[in-house]
Amino acid sequence: MPSKPHPFIPVNLPLLGGNERRYLNECIDTGWISSEGSFVKRFEMEFSELMGNRYGIAVSNGTDALELAIAALGIGPGDEVILPTFTIISCAQAVINAGATPVLVDSDPVTWNMQTDQVAAKITPRTKAIMPVHIYGLPVDMDPIINLAEKHGLYIVEDNAECIGQSYKGRPCGSFGHISTYSFYANKHVTTGEGGMVTTNDIKLDEICRGLRNLCFENPRFVHHRLGWNMRISNLQAAVGLAQVEQLEHFIEKKKAMGSRYTSELKDIAGISLPPSATDFAENIYWVYGIVLEDEIPFDAKTAIAMLHEAGIGARPFFWPMHEQPVFRDMGLFSGESYPVAEKLARRGFYPPSGLGLTEIDQERVITALKNILVSPGLGSCSHITGTTS
Ligand SMILES: *Cc1c(COP(=O)(O)O)cnc(C)c1O
């Protein structure tokens, strides 16, 4: 992986400096490269324990993990699942692919997490589950969700892809769901390149998930009573995952340092909103470091990203809300619905490089470029920042 200085600073670089290479070599030396290898079990055990769960079922990615969770809970046609409009499409897609209906709530303007006080009004006799999604490194306020779920007999599907290693009031994120899901994509706090997991404390759900992950093979083999998927993870990926889990504490410290540095350098710039360093429930672990342009900034996130790009720096827009997705509008979903906070975040929010592999020198360059773009903006186009490219 890149160790030399990079002329372009990508939005994410992973950190693979632990036992990754050693464990991968072990896979190659022993020939155990498929999902049958022992790293899969070890990774599942170590990871699920850290997340406060008894069982972990590793899968091919976080999108599959959501699909598996919804299927394992038996959610299907006629059922509704309440989730934030401001999230990745995988969440709503998992519900729709199961034949169920996603029901949306808006985001909190400060934490960008789902507004938990909007959930109660969305519960109907068809509601089967609430899907809290911890956004960008701060946890959802879980207590109101837990109370509603208990009161109405609903499942909690906790999407913890962006808060691996985070906790809510001292309890690990990922330990709140009947099933919780994770992604190990290259920009997540723990990566296997591509990969994911579901965790649970319910032995029945564990068994169902293991079956669905592996084509519902039974005894005798090749005779099936149910359809599943091939969502298996390879021993190679799990080897990387285990090495990553060993470093999680260090990774979280690194992310916190990266976030604090951005905040202390950018906090005096007028017209932008930065992520809170903490809430009543948790310190921010900055899965990404989001920046929102307020009205006084005369351009939107798309323009900011283009200007950063010009300065040799990668950046990404925030999520595009589910109720504004053309694919869902075409299905007749969410018509006439409006969620103003998420709509603003989508248009005015972006994040600069925030990966674990971001060096202090590169972060300095990013901060300089951000200041050039955001301090007294509107003076012209990109021309005033081109001097910062090298
Ligand atoms: C990354 C992510 C996913 C999807 O994970 P993949 O491994 O990319 O499929 C799901 N939910 C959230 C909140 C994510 O951030």
Side-chain angles (χ1 to χ4, degrees), residues 11-12 14 43-44 47 51 56-71 81-98 102 104-105 107-108 111-114 129-140 142 145 156-166 168 173-174 176-177 179-199 213 229-234 237-238 240-241 244 251 255 275 284-290 316-322 325 342 345-346 349-351 354-356:
V11 74
N12 177 66
F43 178 43
E44 288 176 339
F47 184 83
M51 300 298 117
I57 302 94
V59 294
S60 25
N61 54 65
T63 302
D64 279 352
L66 285 160
E67 210 128 314
L68 183 58
I70 295 290
V81 178
I82 299 171
L83 60 131
T85 188
F86 186 73
T87 182
I88 192 167
I89 199 156
S90 311
C91 304
Q93 178 178 304
V95 174
I96 287 168
N97 284 346
L104 306 176
V105 298
S107 309
D108 179 275
T111 67
W112 312 329
N113 269 305
M114 70 195 291
I130 306 171
M131 184 190 285
V133 184
H134 307 301
I135 296 289
Y136 294 176
L138 278 173
V140 172
M142 288 305 298
I145 304 269
I156 296 176
V157 178
E158 185 185 1
D159 183 344
N160 194 28
E162 300 178 12
C163 271
I164 295 170
Q166 178 59 289
Y168 168 82
C173 287
F176 296 95
I179 299 191
S180 300
T181 70
Y182 312 81
S183 163
F184 306 127
Y185 185 63
N187 62 3
K188 303 292 157 82
H189 290 101
V190 163
T191 186
T192 59
E194 303 281 352
M197 202 180 293
V198 304
T199 61
R213 168 180 70 174
W229 296 275
N230 177 356
M231 293 179 173
R232 300 184 303 256
I233 196 171
S234 76
Q237 292 165 298
V240 173
Q244 289 268 298
F251 288 167
K255 280 282 195 172
N284 205 330
I285 61 166
Y286 305 101
W287 173 55
V288 296
Y289 190 89
R316 287 281 161 78
F318 274 17
F319 292 128
W320 197 255
M322 293 306 105
Q325 294 290 343
L345 293 176
F350 69 97
Y351 59 91
S354 320
L356 283 160

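In this text the structure is predicted, and so the values were computed from the model without any measurement. Whatever order the structure lists them in is the order used to number ligands and atoms, beginning at 1.
- In terms of polar-atom proximity, Glu162 is counted as a contact of ligand 1, with an N or O under 3.5 Å from an N or O of the ligand.
- Using modelled atom types, one side-chain atom of Trp287 and one backbone atom of Asn187 make a donor-acceptor pair closer than 3.5 Å.
- Residue contact annotation: Lys188 has a non-hydrogen atom under 4.0 Å from ligand 1.
- Here Val133 has side-chain heavy atoms under 4.0 Å from ligand 1, and that is the only part of it that gets that close.
- Under a 4.0 Å criterion applied to the non-hydrogen atoms of Asp159, ligand 1 contributes the atoms 10 (C), 11 (N), 12 (C), 13 (C).
- Considering each of Ala161, Ser183, Ala65, Pro84, the one bringing a non-hydrogen atom nearest atom 5 (O) of ligand 1 is Ser183.
- The nearest pair of heavy atoms linking Leu356 to Lys255 is CD2-CG, 3.8 Å.
- If you run ring-ring contact (aromatic ring centres under 6.0 Å, His included) between Phe319 and each of Tyr136, Phe350, Tyr351, only Tyr136 comes through.
- Side-chain contact check for Tyr286 and Ser354: no donor-acceptor pair (N or O, by modelled atom type) lies under 3.5 Å.
- Contact detail for Ile145 and Pro132: the closest heavy-atom pair is CG2-CG, 4.4 Å.
- For atom 10 (C) of ligand 1, the nearest non-hydrogen atom from the set Thr192, Thr63, Ile88, Asn187 belongs to Ile88.
- Closest non-hydrogen pair, Thr181 versus Ala65, comes out as CG2-O, 3.6 Å.
- Atoms of ligand 1 found under 4.0 Å from any heavy atom of Asn61 (numbered from 1 in listed order, with element): 7 (O), 9 (O).
- Polar contact with ligand 1: absent for Leu66 (N/O pair, distance under 3.5 Å).
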